[in-house]
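First the proteins, then the strands, lettered A, B, ... as listed; each starts at 1.
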Number of protein chains: 2
Amino acid sequence: MPLWIDEETDEQPRVPLSRRRVLRAAVEVADRDGIDALTMRRVAQELGVEPMSLYHHVANKEAILDGLIEMVIGEILAAVEDGQGPDPAEDWQGALRWRILAAREVLLRHKWTPSVIQTRTSVSEAAIAYYEGVLAILRAGGFSYDLAHHALHALGSRAMGFAQELFEPEEPSEEMDAALMEQMAMKYPHLAGMMAAIAHDDPDTTLSWCDDATEFAFALDLILEGLERRRLS
Amino acid sequence: MPLWIDEETDEQPRVPLSRRRVLRAAVEVADRDGIDALTMRRVAQELGVEPMSLYHHVANKEAILDGLIEMVIGEILAAVEDGQGPDPAEDWQGALRWRILAAREVLLRHKWTPSVIQTRTSVSEAAIAYYEGVLAILRAGGFSYDLAHHALHALGSRAMGFAQELFEPEEPSEEMDAALMEQMAMKYPHLAGMMAAIAHDDPDTTLSWCDDATEFAFALDLILEGLERRRLS
DNA sequence: ACCTGAACACCGTTCAAGT
DNA sequence: ACCTGAACACCGTTCAAGT
């Protein structure tokens, strides 16, 4: 029997399964293959283990999804503790803006986060800790608890760095010929006008139809300014 | 053989299946039993038909979900065409506000809409028609196409009447005893302070933690005012 | 043409058994 | 204690057959 068979057979000392290892594998699968690929069987495969083994470390698939969000918010908390934004007592808008954009950076690495958060029914302690940080900034900026409460709702998911677009920006289909285009323009003149204006203003962004980062910042600043006016009034 | 058997056996002239009937049944199931109960088998049962029969009228389940959104937006369009809001040329904020709150009324009858919209990958013509109406208001209010484009993104899902809360408002659990409460207050003083302040300000709303309609309107007005300032600057 | 029944390939999960 | 294999109850969907 040749040596390489021995090497193949001679396994590494098995590192035991744990909740953390299961969740890390789940994040890996979701990042690499998308959230739809996240099945119990697939996570087990990622760990070189039978599906049923996972149930010794997580209650069920829902618990894995909860854990996924816990992991992401953990990453966000680590990021905001690392870096240093403006002093909230002097510039609450800058401080909150910095924190939210830091969260956004993390989310860009885990694009499935918004869709998973939407389905959670309970709030993890990690999420509570994140909210606490946002509230601390608002309070340092002179917000009453009541206005801060309104602010949290007005920000909604934007507080954690993502905006809920009504529909995902779809690629303008190549197959749309001139005739159909003209018919569309007849029925929907304002939309046609807007698309033409945007294409004209900035031809480079025509493909993606809009720059997510730019739009996110535009809306965020709009809300922050509005809250500041409410605070002063 | 008694008469009632005959009546039972003698079926009504079978009204044939159609795409519309399938979609109406799907809306009915989703409204009554929730979106998770919406399976091909369940819709078929609702129609007194075998699951496979559905496939003669819709391509697959995704097509049903697309159709569901089409139905809801259809309802919204009917509602905004029926009623009469302010004249957009004189009061674009009032006109848009009226339109969005009309859409919200419809969504309250179909609470599954936000979660389904999130999963759609293509934009239906109904959605295009709705956007066209929003754009018409903004244009009548004096918006450039560019600013109108920003406005659509800033509104996001709010343009159709729903806000994406970061987490669903959960009921304050009854089991949370005083000791745990105090521990929470130590770790998260701002959150504890806010919850106390809110409970104090308006004890009647403590149970639901926040009034969705109030918060929706607060954030909507914040954005509309911000857009008006951008328009004038 | 429209509808059907059996079957397939996937899920999450229970259960009784292994080490 | 931790892990496993077989099995169950559900999906969406294909296919060949009925009327």
Nearest whole Å is fine: how far is [N] [atom2] from [X] [atom1]?
X: A:Arg42; N: C:dG12; atom1: CZ; atom2: P; answer: 12 Å
X: B:Asn60; N: D:dC11; atom1: CG; atom2: P; answer: 17 Å
X: B:Gln45; N: C:dT4; atom1: CD; atom2: P; answer: 14 Å
X: A:Arg19; N: D:dC2; atom1: CZ; atom2: C1'; answer: 18 Å
X: A:Leu38; N: C:dC11; atom1: CG; atom2: P; answer: 11 Å
X: B:Leu54; N: C:dG5; atom1: CG; atom2: P; answer: 14 Å
X: A:Met40; N: D:dC3; atom1: CE; atom2: P; answer: 14 Å
X: B:Glu62; N: D:dT13; atom1: CD; atom2: C1'; answer: 13 Å

Would you say [X] reaches [N]'s phosphate, i.e. side-chain N/O to OP1/OP2 under 4.0 Å?
X: A:His57; N: D:dC3; value: yes
X: A:Tyr55; N: C:dT14; value: no
X: A:Ser53; N: D:dC2; value: no

Pair partner, D:dA16 [Watson-Crick or wobble, under 3.5 Å] =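 Base-paired to C:dT4.
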When rounded to the nearest 0.5 angstrom, what distance separates CG in A:Asp66 from CE in A:Met71?
->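 CE of A:Met71 is found 13.5 Å from CG of A:Asp66.
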Can you measure from CG (B:Leu38) to CG (B:Asp31) and round to the nearest 0.5 angstrom?
->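 The CG atom of B:Leu38 sits 10.5 Å away from the CG atom of B:Asp31.
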Base of C:dC2 paired with side chain of B:His56 (donor-acceptor, under 3.5 Å) =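 Answer is no: no donor-acceptor pair is held.
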Could you please name the option among D:dT4, C:dG12, C:dT4 that lies closest to any side-chain atom of A:Glu50?
->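 Closest nucleotide to the A:Glu50 side chain: D:dT4.
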Looking only at side-chain atoms of A:Met52, point me to the closest of C:dC11, C:dA7, D:dA6.
->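 For A:Met52, the side-chain atoms sit closest to D:dA6.
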N/O donor-acceptor pair under 3.5 Å between [X] side chain and [Y] backbone:
X: B:Arg99; Y: B:Tyr130; answer: yes
X: B:Glu46; Y: B:Ala26; answer: no
X: B:Glu70; Y: B:Ala126; answer: no

